[in-house]
Amino acid sequence: MAAVTAGQTAQAAAGSTDGADGALEAAFDAAVAADERIEPRDWMPDAYRASLVRQMAQHAHSEIIGMLPEANWITRAPSLRRKAILMAKVQDEAGHGLYLYSAAETLGTGREELLDKLHAGRQRYSSIFNYPTLTWADVGAIGWLVDGAAITNQVPLCRCSYGPYARAMVRICKEESFHQRQGYELLLALSHGTPAQHEMAQDAVNRWWWPSLMMFGPPDDASSHSAQSMTWKIKRHSNDELRQRFVDICVPQAEVLGLALPDPDLRWNEERGQHDFGAIDWTEFQEVLKGNGPCNEQRLTQRRRAHEEGAWVRDAAAAYAQKHTDSPNADAAKTDVPKTVVPNGEATA
Ligand code: BYC
């Protein structure tokens with residue numbers, strides 16, 4: 001963002017007058033209105049920073065908790081090909097978590113602090129990961145519906161006003177597209193397989209459809225953060241707008257899959273040019289948010305255990321980094337960039 005410089009940020013930190021604060025806020029508002037990106041060293045309102053940390057932390061936590069239900073199926077994947085694909089997908093989710101924790105760090109909130117809050121149950125992760133993965137078809141339903149909903153929600157986040165979050169989302173969305181396709185292809189194979197496989201695919205879709213619609217958050221009139229987040233261009237669309245977009249995308253895809261969406265009220269509305277759909281059970285959503293979903297306790301217990309069991313990896317990485325910082329050759333090592341040989345034979349740094 002050009003309008004508010006690092007110098008101005010320093011001035012604000014040094015204790016500016018109300019007038020100077022007002023000028024910084026006006027410059028921030030103008031930058032957001034002009035669709036410029038806000039960068040880590042730019043001045044920003046405290047509430048903007050806090051809201052971003054809240055959303056980005058929840059998003060990062062969802063990525064790493066989201067690894068758990070699918071990872072359950074790695075050992076039971078029905079072929080080597082399916083196992084390799086699923087392992088790659090689960091690894092991608094870990095990577096997404098890392099991009100997002102790093103992006104949150106640019107706002108002055110460390111990964112340790114965020115993980116502590118997750119493990120203490122003081123920060124949220126997506127409601128969707130509190131449902132069980134009962135059969136292999138659930139891996140397909142998660143890819144098609146859960147990753148599909150995630151993409152619908154996240155593509156607009158590539159234009160989020162906060163630069164590091166927006167840039168992280170570009171790569172995440174590309175990878176999520178691959179995830180969605182793998183789920184769709186898996187369900188297509190099952191749906192056109194034996195009657196038992198078809199039934200398994202239909203059962204998975206029946207169980208994941210409604211929770212996927214809840215991923216977009218509460219209805220607009222109950223969404224406490226939407227209005228402010230949209231003014232700040234953190235969010236570009238409301239929860240209900242994105243939910244509707246997702247339903248409209250899924251209906252023709254379900255037809256190609258040969259699977260029914262479990263909603264008797266789902267039908268095309270000629271006048272609106274969109275699908276009408278049935279009422280969502282918001283009581284269920286609130287219960288899951290309160291910690292009373294089918295797997296809330298199991299997910300958090302597993303996550304805490306994974307964190308404890310990974311302590312030796314963090315310790316080893318820290319010891320390795322320290323060894324290289326202390327080494328007399330540390331400075332030389334930093335400038336010793338390996339050379340890459342390009343096909344025409346030239347070596348580049
Ligand atoms: N689950 O004012 P609202 C993925 C909370 S995909 C739990 O509308 P906002 C993945 C909300 O935090 C999933 N909590 O909030 C996919 C707030 O509570 P607090 C992750 C929810 O922020 C495949 C309250 O309800 N994606 O990672 O304006 C494989 C009121 O809501 C949920 C993202 O996080 C929910 N579904 O809008 C692996 C995308 N919905 O904080 C991984 C980024 C709402 O006041 N996030 N709440 O206590 C967003 O776009 C927005 O935060 C939301 C909610 C649309 C989710």
Side-chain angles (χ1 to χ4, degrees), residues 47 50-71 86 89-97 99-101 103-104 117-118 121-131 133 138-139 141-160 162 165-166 168-169 172-173 175-180 182-183 208 210-243 245-246 280 282 284-293 296 299:
S51 198
L52 273 171
V53 169
R54 179 192 62 83
Q55 178 168 324
M56 288 161 70
Q58 175 171 327
H59 195 165
H61 299 331
S62 304
E63 298 286 355
I64 61 167
I65 296 263
M67 296 167 72
L68 300 173
E70 289 181 283
L86 184 55
K89 177 181 193 279
V90 173
Q91 282 179 357
D92 282 353
E93 310 297 358
H96 297 175
Y99 310 153
L100 290 165
Y101 286 121
K117 286 186 176 155
L118 169 67
R122 286 166 48 215
Q123 279 180 342
R124 298 187 190 286
Y125 59 89
S126 181
S127 50
I128 193 76
F129 300 116
N130 293 305
Y131 292 86
T133 41
D138 287 25
V139 172
I142 291 179
W144 177 41
L145 296 174
V146 176
D147 288 280
I151 297 168
T152 310
N153 165 269
Q154 291 172 12
V155 165
L157 290 175
C158 298
R159 293 188 298 119
C160 166
Y162 187 57
Y165 192 23
M169 290 318 301
I172 291 178
C173 284
E175 293 176 353
E176 296 287 20
S177 297
F178 151 69
H179 298 170
Q180 193 269 354
Q182 71 81 34
W208 287 93
W210 292 106
S212 298
L213 296 190
M214 295 174 195
M215 284 175 70
F216 295 91
D220 290 351
D221 55 11
S223 167
S224 44
H225 302 291
S226 277
Q228 182 61 74
S229 286
M230 287 171 74
T231 307
W232 279 329
K233 297 188 181 168
I234 294 173
K235 281 167 86 162
R236 297 279 178 163
H237 305 279
S238 77
N239 299 355
D240 286 334
E241 274 170 23
L242 292 174
R243 193 170 6 252
R245 189 178 291 180
F246 177 65
I280 294 171
W282 291 114
E284 175 181 320
F285 175 73
Q286 290 304 339
E287 281 304 307
V288 173
L289 258 59
K290 278 189 222 154
N292 301 327
N296 293 60
R299 299 288 183 243

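Just so you know, ligand 1 is whichever comes first in the structure, and atom 1 is the first atom listed for that ligand.
Pocket lining of ligand 1, defined as residues with a non-hydrogen atom under 4.0 Å away: R54, Q55, Q58, H59, S62, E63, E93, R124, Y125, S126, S127, F129, V146, D147, A150, N153, Q154, L157, Y165, M214, M215, F216, G217, P218, S223, S224, H225, S226, K235, N239, F285, L289.
The two atoms that bring N130 and N296 nearest to each other are OD1-CA, 3.2 Å, heavy atoms only.
Between the side chains of Q55 and H225, no donor N or O sits under 3.5 Å from an acceptor N or O.
The side chain to side chain donor-acceptor pair (under 3.5 Å) check on Q286 picks up nothing, with sequence neighbours excluded. Not a single salt bridge (charged side-chain N to carboxylate O under 4.0 Å, His left out) links E241 to another residue, sequence neighbours left out.
Among residues at least two apart or in separate chains, salt bridge (Lys or Arg N to Asp or Glu O under 4.0 Å) pairs with a member in residues 211-237 are D35-K233, D35-R236.
With salt bridges taken as basic N to acidic carboxylate O contacts below 4.0 Å, one links R243 and D240.
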